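Each remark here refers to the structure printed beneath this line.
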Amino acid sequence: MVRLNSTIHRAVVPFEPRDEGKVGIYVCGPTVQSEPHVGHGRSAVAFDVIRRYLAWRGFDVTYVRNVTDIEDKIIAAAAEAGESVDVLAVRMAERFANGYKALGVVEPDIEPKATEHIPEIIELIQTLIDRGLAYAAGGDVYFSVRADERYGRLSGRKPDELRAGYRIEVGESKHDPLDFTLWKGAKPGEPWWDSPWGPGRPGWHIECSAMASKYLGDGFDIHGGGTDLIFPHHENEIAQSEGASGETFAKYWLHNGMVNLGGEKMAKSTGVLVDLASIAEKHGGRPLRLLFLRAHYRSPIEYSDELLAEAEDALDRLQRFRDRVTAGEPDAGALNRFREMMDDDFATPEAVSLLFDLVRDGNRLLDDGGDASAIAGAVEEIVGVLGLDDASLPAETALDLGDLAARHGLAGGGPEVIDQLIRLRAKAREERRFDDADAIREGLEEAGVILEDGPDGTRWLRR
RNA sequence: GGCGACGUGGCCGAGUGGUUAGGCGCGGGUCUGCAAAACCCGUCACACCGGUUCGAUUCCGGUCGUCGCCUCCA
C-alpha cells in the first residue's frame, strides 16, 4: 500500500486513487520567463520519480504538466529582450525541455500551454461568475475570496488572518483586497484575447484549474508543485475548481522542497541561482539527479559544487559495480525492501542507501567468487525506477593521445591507441620495467584515462 | 506578527523507545611491483532544558536557532 504525505491532509495517508489502478497527476510546470535553474530541475525530478514509481507499482498513470506561457513576468522579459512574448516563451520552453531531458525526466503525457486553452479558461470564469463566486469590474474579473467559506483549507490561512498585508494596487478594481485576478484586461501593447469582459489575458491561477479538469476531470488524484506554490497558487486553484464544479479537486497534494544556495532559496527574483543548462553541459544531468534523490522530495536541500562532486563519485562507484557483473533475475528480497521504502511517501534517500548496500553486498560476493547476478538485477531494476540511466552523462571531451602514442612508437591518437598502450604496458610489467609501465599509465591518466589492473587483465575508463 | 517545515557524527543525509543506515572525507589493514579499484576495521552522532519511562537521539512540554510562505516563484 502506497502512503503519501499530503499537504491538505497534514499527514501521511494511504493512497487510494479515485479509480482503482488509475492515477491522474497534475504538476505545476514552469513560467517560461527565463532560463531554468536547479530548483526547477528538482521539482521535475521529484514528480518524475513519483510518476515512474507508481507506474512500476502497476498503476496506469496519466501525467500532466503545464507550461505557463502568458504572464506578467514573461511580458516584462520579452519587452526587455526586445522580442515578442510568444517568441520568448517558445525559446524558454525549449530551454526547459532540454534541462528536463538532461535530468532524465520523462515527458508528460500531456503538456498543455495556457495560451492554447483560452476558451476553456473563459468558460470556467463564466461559470464562477454565474455561481456568484466571481465578478467583472473595470475590464478585469476577480474571484471573491469571501464568497468561498472554506478558503484556506490547503494552506491553513484564513481570510481574516490574511487581511493585513494586502493592498489594492493602483488601477485595480477589486471589491476586496483578498480577491485575486481571473481575467486581466489588456493594456496597450500587451497580448490579448477576446472575452465577454473585453480584451485581456488569463490570470495565473485560473489556467491550472482549467487545464487540470480538462485533461484529468473535475476531480483527480494527485496535484504536485513546489512548496512555494501552496499559497496562494494552489489555494486559489482549489477555490476556483471546487467553486465551479462542486467536486473535490485534487484528492492529494504533494509539494517538493526548495533548493537553497548558501542557505537561501534559489530563485530568479533574488538572483540567487545556478543555471540548469550549465550544470547539464559540464557534468551531465545524472549527478544532479542523484543529488536530488539523496534527499527526500519534501525536504529543502542545499546545492553546491562539492555536493555535486560527491554525487559524481557515488555514481562512479555504482557504475564500477554494474560493469563488473551481468544482471540476472532481480533478487526478490531487495526489491521488496525497495518497495517498502518507496511505498512510504517515496523515500528515495533510503532507496539510494539500499542501492549502495547492494553494491557492497555484490562486490563482496564477487570478491569471494560468488554469483552476484541477482543483486545486480535488483540494482538495475532500482536504477531504472529512479531514472538514473535516463539522465545524461557529461559530453566526452575529445581524447588527445597523439603525443603519448608517438612517444611509444604508435600511430594515431584516438581511443584505438589505448589498447595498444595497455599491451605495451603489460609487456613492460612482465619484463619488470616498471618505470616504463608507470610512464604509460601516468601518460594516460593525464589524458583522462584511468587504468585499473584486475585478475582478468587491465581495463580502462574515462575520467 | 501569522501559517508551515526543520535542527543527527569532519561534511552530505536517512532512521529508530534499548542492537551497524548509506555516501564522501580521513586513519589503519588485505590484495598489488607500485597505484587504482574492491573488501575489512576505525573515525563511538543525534541543538539546549525539563518531563514520561527500567531505559530517549526516538514520546510530551518549553527555550534557542535555521529555512519556506504570507507579493511573482518549482
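Source: prediction; values computed, not measured. So that the names make sense, note that chain A is the first sequence line, chain B the second, and so on, each numbered from 1.
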Any idea which of [options] is nearest the [X] side chain?
X	options	value
Asp357(A)	A74(B), A21(B), C72(B)	A21(B)
Lys265(A)	G13(B), A38(B), A74(B)	A74(B)
Arg441(A)	G13(B), G33(B), C39(B)	G33(B)
Ala437(A)	C40(B), C11(B), G33(B)	G33(B)
Arg324(A)	G2(B), G68(B), A38(B)	A38(B)
Asn363(A)	A38(B), A74(B), C70(B)	A38(B)
Ala295(A)	A38(B), A74(B), G13(B)	G13(B)
Glu264(A)	G68(B), C24(B), A14(B)	G68(B)

Looking for any heavy atom pair under 4.0 Å, which part of the strands does [X] touch: base, sugar-phosphate only, or nothing?
X	result
Ser299(A)	sugar-phosphate
Lys268(A)	nothing
Val27(A)	nothing
Ile230(A)	nothing
His37(A)	base
Arg294(A)	base
Gly263(A)	sugar-phosphate
Arg317(A)	sugar-phosphate
Arg425(A)	base
Gly225(A)	sugar-phosphate
Gly29(A)	sugar-phosphate
Asp438(A)	base
Ser304(A)	nothing
Asn256(A)	base

Atom pair distance, as rounded to whole Å: [atom1] in [X] and [atom2] in [N]:
X	N	atom1	atom2	result
Asn260(A)	A5(B)	CG	P	17 Å
Asp368(A)	A38(B)	CG	C1'	11 Å
Leu451(A)	U32(B)	CG	C1'	14 Å
Arg360(A)	A37(B)	CZ	P	16 Å
Met258(A)	C72(B)	CE	P	15 Å
Asp361(A)	A21(B)	CG	P	16 Å
Glu310(A)	G13(B)	CD	P	10 Å
Ile450(A)	A37(B)	CD1	C1'	10 Å

Checking Arg42(A) side chain against Gly257(A) main chain: does a donor-acceptor pair fall under 3.5 Å? yes

hbond_proxy [X] side chain to [N] base (donor-acceptor, 3.5 Å cutoff):
X	N	answer
Arg364(A)	C40(B)	no
Arg432(A)	G33(B)	no
Asp453(A)	A37(B)	no

Asp323(A) CG: over 12 foreign heavy atoms closer than 6.0 Å: yes

Is there a Watson-Crick or G-U wobble partner for [N] with both distances under 3.5 Å, and if so, which one is it?
N	value
U57(B)	none
G15(B)	none
C6(B)	G65(B)

Check the side chains of [Y] and [X] for a donor-acceptor pair under 3.5 angstrom, ignoring hydrogens and angles.
X	Y	answer
Asn256(A)	Ser43(A)	yes
Asp48(A)	Tyr63(A)	no
Thr115(A)	Asp69(A)	yes
Tyr303(A)	His37(A)	no

Verify the stacking flag for Phe356(A) against G22(B): centroid separation must be under 5.5 angstrom and the ring planes must differ by under 30 degrees. no

Take atom P in G22(B) and the same atom in C39(B), then report the distance between them in whole Å. 12 Å

How do Ser43(A) and Ser353(A) order along RNA chain B: which one's closest nucleotide is nearer the 5' end? Ser353(A)

For RNA chain B, whose closest nucleotide is more 5', that of Gly454(A) or that of Lys73(A)? Gly454(A)

Who passes salt bridge (charged side-chain N to carboxylate O under 4.0 Å, His left out) against Asp275(A), sequence neighbours left out? none

Compare every heavy atom of Arg289(A) with every heavy atom of Val105(A), then report the nearest pair and how far apart it is. N-NH1, 3.9 Å

